[in-house]
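As the structure is a prediction and not an experimental result, all values here were calculated from the model.
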Amino acid sequence: MSNNKLSNRPKVQPSITAADLPPALRVFWDTAPDNFKVASILSALACYCVLGTRLRAKYVYDLDPHALLLQIIILGEPGSGKSFTRPIVKQLLRPIRIKDQEMKRMEQAYVELKKKAAKNKQLPDEPITAPRIVQTITKAKLVKRADMFLRKYGETLAFFFFSEEIATMTESNKRAFADLNTMDRLAFDLGAEFSSDTLSDASYNADVDIIYCSLFCGTENALNEYINKRSVEGGNCTRKVLARIDEDLMGEDAPQFRQQTEAERQLVERTVDRLMKETYTDDDLIQPTHDIPVEWLNLPVRKWCDEQRQQVLKTGSRALNCFYKRSSVSAWRMACMCYHLWDEDPDQHAHVVKFYRFMANYILDGLMAKWGKQYEQMHKGDSDEEGNRVTLYDQLPKQFSRDQLRELIVKLDLSSPDRIFIAKWKKAKMIYQPDPQVEVFIKNY
């Protein structure tokens with residue numbers, strides 16, 4: 001990856017196998033070719049998380065519970081096979097799509113009734129509908145749909161944004177969706193309300209909690225237009241999970257996915273039915289939220305985050321310091337869904353932990369490779385070549401003096417003074433000072 005030097009992260013990261021995945025997710029791993037396995041399970045997880053919109057879990061660093069919300073981007077060249085996402089979405093979200101179609105027919109019938117009715121005729125109340133699958137939509141329409149959730153169910157539900165070409169979203173953004181960047185940020189977290197208050201009678205004004213999972217596919221150029229400089233600087237990019245499917249495909253044949261067996265299809269269907277029943281009652285109301293017991297995952301999450309903080313302290317990388325935090329959140333949400341798909345079986349803890357660590361590294365590597373250097377340049381204001389200033393700790397000898405540290409800081413053109421590094425390294429117990437009267441330090445490996 002292009003920014004390994006920037007983050008000073010290990011090039012070989014832990015891997016997972018099919019055995020580490022719950023059966024309902026393993027199907028999509030087993031049926032995908034090698035370059036598409038991770039992208040396939042990420043696509044499936046986005047769908048499962050939308051189906052499980054009533055699931056909640058408590059993240060170790062937060063007070064409020066999380067909804068399991070994911071924002072996935074599948075990145076590949078034209079013709080690289082990004083359309084593999086379509087059958088996954090159709091299979092997993094079929095029951096939601098059927099409900100959406102029924103509600104949209106109700107909406108259309110009401111529109112037709114309004115057209116035909118006499119001006120002085122009193123119309124029935126507008127039907128309260130709540131479609132959830134979105135491709136392109138205006139801000140006002142999305143606010144209205146989210147408000148309908150509250151009117152119909154009393155609580156918010158997650159939308160699902162799906163587009164096989166991410167350019168569709170950027171084009172929509174130019175036309176009518178001027179607040180897409182803001183909504184992208186707010187939609188990642190439960191309880192972050194979006195407020196709309198305009199003078200236009202054609203608009204729809206409300207204070208609503210808009211949450212959604214998204215699955216977008218696109219090329220490098222389309223992604224650059226969608227996640228522009230403003231989005232990188234504002235942190236939108238940290239909410240994304242990038243999956244590349246075009247690596248090492250030069251001269252390769254078109255990807256070939258295996259058809260699911262009847263047993264696999266039935267397994268997936270049972271899982272989808274279960275998640276739908278955990279969301280909706282037979283009377284088309286919503287079920288109470290379900291808290292997934294994942295306190296046992298707190299220690300592995302803290303351990304991984306501590307490892308990244310050690311790297312931040314060694315490298316001084318602001319990108320790494322920013323990106324690892326939400327990489328952990330996204331990976332943890334995926335792990336929570338996996339645990340739920342494992343029927344919350346304590347015997348599967350080791351598999352879930354392994355999956356969390358793999359995805360946390362995978363997500364962080366993707367963010368650093370795509371936006372790490374750009375983020376560093378924005379926030380550091382320097383024009384260093386990649387890797388100039390990232391290995392300060394590792395370049396120091398086992399025993400070093402403050403003068404040696406200062407000399408290396410000047411050489412690497414770092415902006416932080418030596419006292420900052422000394423203080424942080426001491427606090428993290430990365431160094432110790434044998435004699436308080438002598439400014440000589442020893443590294444703790």
Kindly indicate, with the supporting measurements, whether the criterion side-chain contact (heavy atoms from CB on, under 4.5 Å) is fulfilled by Thr289 and Arg54. CA-CA 5 Å; Thr289 57; Arg54 301 299 287 160; 3.5 Å; yes
Ignoring hydrogens and geometry, is there a side-chain-to-backbone donor-acceptor pair from [X] to [Y] under 3.5 Å?
| X | Y | answer |
| --- | --- | --- |
| Asp209 | Thr156 | no |
| Asp147 | Val143 | no |
| Tyr393 | Met430 | yes |
| Tyr110 | Pro124 | yes |
| Tyr339 | Glu344 | yes |
| Arg326 | Arg239 | no |
| Arg230 | Ile227 | no |
| Arg132 | Ala158 | yes |
| Glu376 | Ala319 | yes |
| Trp29 | Thr17 | no |

Do [X] and [Y] have side-chain N/O donor and acceptor atoms under 3.5 Å apart?
| X | Y | answer |
| --- | --- | --- |
| Ser327 | Tyr362 | no |
| Tyr59 | Ser328 | yes |
| Gln266 | Glu262 | yes |

Taking NZ in Lys152 as the centre, count heavy atoms belonging to other residues, nucleotides or ligands within less than 6.0 Å. Is the count above 12?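 For Lys152, atom NZ is crowded (more than 12 foreign heavy atoms under 6.0 Å).
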Answer yes or no: are there more than 12 heavy-atom neighbours, outside Arg265 itself, under 6.0 Å from its atom CZ?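 Correct, the count exceeds 12.
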Give the ring-plane orientation class for [X] versus [Y], where under 30° counts as parallel, over 60° as perpendicular and anything between as tilted.
| X | Y | value |
| --- | --- | --- |
| His290 | His340 | tilted |
| Phe159 | Phe149 | tilted |
| Trp296 | His349 | parallel |

Between [X] and [Y], does any side-chain N to carboxylate O distance fall below 4.0 Å?
| X | Y | value |
| --- | --- | --- |
| Arg274 | Asp343 | yes |
| Arg258 | Glu264 | yes |
| Asp62 | Lys325 | no |
| Glu164 | Lys90 | no |
| Arg244 | Glu220 | yes |

Mind checking the OG-CG spacing from Ser15 to Asp20? Nearest 0.5 Å is all I need.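 Result: 8.0 Å between the selected atoms.
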Residue pair Trp332, Val60: steps toward the side-chain contact (heavy atoms from CB on, under 4.5 Å) verdict: CA-CA 10 Å; Trp332 171 83; Val60 60; over 6 Å; no
Could you go step by step and tell me if Gln260 and Phe28 meet the side-chain contact (heavy atoms from CB on, under 4.5 Å) rule? CA-CA 9 Å; Gln260 293 178 11; Phe28 299 96; 3.7 Å; yes
Restricting to non-hydrogen atoms, name the atom on Ile16 and the atom on Leu21 that form the minimum distance, rounded to 0.1 Å.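 Shortest heavy-atom contact: CD1-CD2, 4.1 Å.
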For Ser43 and Val89, what are the C-alpha separation, side-chain angles and deciding distance, and is it a side-chain contact (heavy atoms from CB on, under 4.5 Å)? CA-CA 8 Å; Ser43 301; Val89 172; over 6 Å; no
Validate the cation-pi geometry between Arg97 and Phe160: distance from NZ or CZ to the six-membered ring centre under 6.0 Å, angle to the ring axis within 45°.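 Judged by the rule (NZ or CZ under 6.0 Å from the ring centre, within 45° of its axis), Arg97 is not positioned above Phe160.
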